[in-house]
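Keep in mind that this is a model prediction, so the values were computed, not measured. The figures here come from the full heavy-atom set of this structure, side chains too, leaving out hydrogens, waters and symmetry mates.
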Amino acid sequence: MRHILLEKVAVMDQSLLALLLFAFVSTFTPGPNNMMLMASGANVGFRRTIPHMLGVIFGFGLMIFLVGLGLAEVFKTFPKIHDALRVICGVFLVYIALKIARSRPQVESASYQPMTFSAAVLFQWINPKGWTMALSAVSLYNPTASLFGLTLVTLAFIFVNMPSASIWAYAGKKISRVLKQELHMRLFNWSMALILVGSTLPMLV
């Protein structure tokens with residue numbers, strides 16, 4: 001009996017490690033959330049980006065939990081809703097990319113408005129990378145569809161997303177120190193806008 005329990009604990013440890021590794025790779029790699037956090041950190045600094053960061057962290061956690069509860073079945077039953085969401089997502093991301101690209105340096109203008117907590121939470125639902133990550137995480141690491149397993153997956157992503165979001169925003173803040181000239185900041189913002197769109201296209205197509 002004890003031997004069986006030890007085997008189960010070992011399997012759980014391996015599964016948890018695999019989940020954390022998957023969450024780490026998923027959240028740290030470039031994507032819409034990270035590009036926007038970096039752009040915000042560069043334009044308005046780390047502190048003013050904190051509400052955006054928290055919205056990403058807890059908004060994505062909420063998304064995983066609700067997807068795991070069965071929301072994904074809605075898209076299987078009504079695929080047109082999913083198609084419409086993809087179109088809305090693409091249009092909105094292009095809109096955000098244009099706002100980033102056209103923002104002027106903070107020292108000359110307050111044109112760059114960092115995303116609020118609630119806006120960042122809502123953004124997760126039209127983020128194609130977020131949908132891919134959420135569906136993959138729930139399918140791979142909670143195959144039995146248990147509430148305990150779903151809670152574990154949700155907490156794992158919240159835990160890993162905290163340093164991930166912070167690092168991307170802080171990296172933007174550090175980069176801003178070498179973007180003193182308006183031309184440099186404009187080039188940076190346009191680069192972030194293009195990467196934002198580019199990182200989304202494969203998932204939309």
Side-chain angles (χ1 to χ4, degrees), residues 8-38 40 49-93 96 114-169 196 199-200 202-204:
K8 288 185 177 181
V9 170
V11 170
M12 287 182 63
D13 288 343
Q14 292 176 359
S15 299
L16 181 58
L17 181 61
L19 170 60
L20 290 173
L21 182 61
F22 175 80
F24 174 83
V25 173
S26 300
T27 57
F28 272 86
T29 50
N33 277 324
N34 292 337
M35 293 301 99
M36 291 166 61
L37 286 170
M38 191 174 189
S40 181
T49 306
I50 289 177
H52 184 175
M53 290 165 43
L54 294 176
V56 170
I57 294 167
F58 293 103
F60 185 64
L62 175 64
M63 180 182 181
I64 287 181
F65 191 78
L66 293 180
V67 167
L69 287 178
L71 187 60
E73 294 298 323
V74 174
F75 296 104
K76 293 181 180 179
T77 306
F78 304 101
K80 289 186 177 180
I81 296 179
H82 187 239
D83 293 337
L85 182 66
R86 287 173 56 179
V87 174
I88 294 171
C89 171
V91 172
F92 187 70
L93 281 172
I96 291 177
M115 188 172 280
T116 63
F117 174 84
S118 57
V121 170
L122 292 174
F123 175 76
Q124 305 313 306
W125 295 95
I126 57 170
N127 177 5
K129 182 183 178 183
W131 275 105
T132 303
M133 290 164 55
L135 291 170
S136 299
V138 170
S139 301
L140 292 172
Y141 297 100
N142 188 31
T144 60
S146 69
L147 184 60
F148 174 78
L150 178 59
T151 303
L152 188 63
V153 172
T154 300
L155 291 177
F157 270 87
I158 291 176
F159 174 76
V160 175
N161 236 334
M162 288 181 181
S164 173
S166 302
I167 288 172
W168 280 96
L196 174 60
S199 66
T200 306
M203 284 164 281
L204 289 175

I'd like to know if the side chain of [X] reaches the main chain of [Y], judged simply by a donor and an acceptor atom lying under 3.5 Å from each other, with no hydrogens or angles considered.
X      : Y      : value
Thr49  : His52  : no
Trp125 : Gly130 : no
Asn142 : Ala137 : no
Ser164 : Thr27  : yes

What pair of heavy atoms forms the shortest contact from [X] to [Y], and how long is it?
X      : Y      : answer
Thr154 : Gly61  : CG2-O, 3.3 Å
Val121 : Gly55  : CG2-O, 3.6 Å
Gly68  : Val138 : CA-CG1, 3.8 Å

Plane angle bin for Phe22 and Tyr141 - parallel if under 30°, tilted between 30 and 60°, otherwise perpendicular: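 Aromatic pair Tyr141/Phe22 classed tilted.
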Atom CZ of Phe28 with >12 non-hydrogen neighbours under 6.0 angstrom: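 More than 12 heavy atoms, drawn from other residues, nucleotides or ligands, come within 6.0 Å of this atom.
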Within 6.0 angstrom of Phe117 CZ, more than 12 heavy atoms from elsewhere: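 Buried by this count: over 12 neighbours within 6.0 Å.
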Could you check if a side-chain atom of [X] sits within less than 4.5 angstrom of a side-chain atom of [Y], using non-hydrogen atoms only?
X      : Y      : result
Trp168 : Met53  : no
Gln124 : Asn33  : yes
Phe65  : Val153 : no

Rounded to the nearest 0.5 Å, what separation is found between the [atom1] atom of [X] and the [atom2] atom of [Y]?
X      : Y      : atom1 : atom2 : result
Ile167 : Asn34  : CD1   : CG    : 10.0 Å
Ile64  : Leu135 : CD1   : CG    : 10.0 Å
Phe60  : Trp131 : CZ    : CH2   : 10.0 Å
Asn161 : Ser166 : CG    : OG    : 9.5 Å
Leu147 : Leu152 : CG    : CG    : 11.5 Å

